[in-house]
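Side-chain atoms are counted along with the backbone in the values below, which use heavy atoms only and exclude waters and symmetry mates. These figures come from a predicted structure and were not determined experimentally.
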Amino acid sequence: MTALTAALSIACCLRLILFSRRGAAHRPWASALAYLLIVAFGALAIAPLLGQPAAAGWAQLLINIVFAAALFSVGGNVVELFRPASDSRPSLILRILRRETWI
């Protein structure tokens, strides 16, 4: 179970690292969120190698499976994770992630 959790974490890290904007605008808040997710998933994958107790229960495995499926379905675009089905009224988190300036 630990190996599967680590493999899913590494897959999520690689998907986020290999994301390409393809000419779209740079969004600092979305980049910061992607960076934090990369660090968190990387720590989850590396912790067992360093002898640290890892959160490798069934719950963590299920969370990783669902998150990996969502992340791969949007091609690694963290902004798309928070996009509602109808774009008529975007959520607060989506408005923050779409901002192009920090202040």
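- The closest side-chain heavy-atom distance from Leu16 to Phe19 is not below 4.5 Å.
- Partner Gln60 forms a side-chain contact (heavy atoms from CB on, under 4.5 Å) with one of Leu44, Leu8, Ile65 and no other, that one being Leu44.
- Contact record, Gly75 with Arg15: O-NH2, 2.7 Å, taken as the closest heavy-atom pair.
- Ile38 and Trp29 fall within a single hydrophobic cluster, where Ile, Leu, Val, Met, Phe, Trp and Tyr side chains are chained together by heavy-atom contacts under 4.5 Å.
- The minimum heavy-atom distance between Ala45 and Ser9, with the atom names listed, is CB-CB, 3.9 Å.
- One hydrophobic cluster, built from ILVMFWY side chains closer than 4.5 Å, cannot hold both Leu61 and Ile10; they sit in different ones.
- Within the model, atoms CZ of Arg22 and CG of Asn77 stand 9.5 Å from one another, a figure rounded to the nearest 0.5 Å.
- In this structure, the side chains of Val39 and Tyr35 come closer than 4.5 Å at one or more pairs of heavy atoms.
- Connection of Leu37 to Val79 is established within a shared hydrophobic cluster, with ILVMFWY side chains joined at heavy-atom distances below 4.5 Å, either directly or through further cluster members.
- In terms of heavy-atom proximity, Arg21 sits nearest to His26 at NH1-N, 3.3 Å.
- Under the 4.5 Å side-chain heavy-atom criterion for grouping Ile, Leu, Val, Met, Phe, Trp and Tyr, Phe72 is not connected to Leu14 through any hydrophobic cluster.
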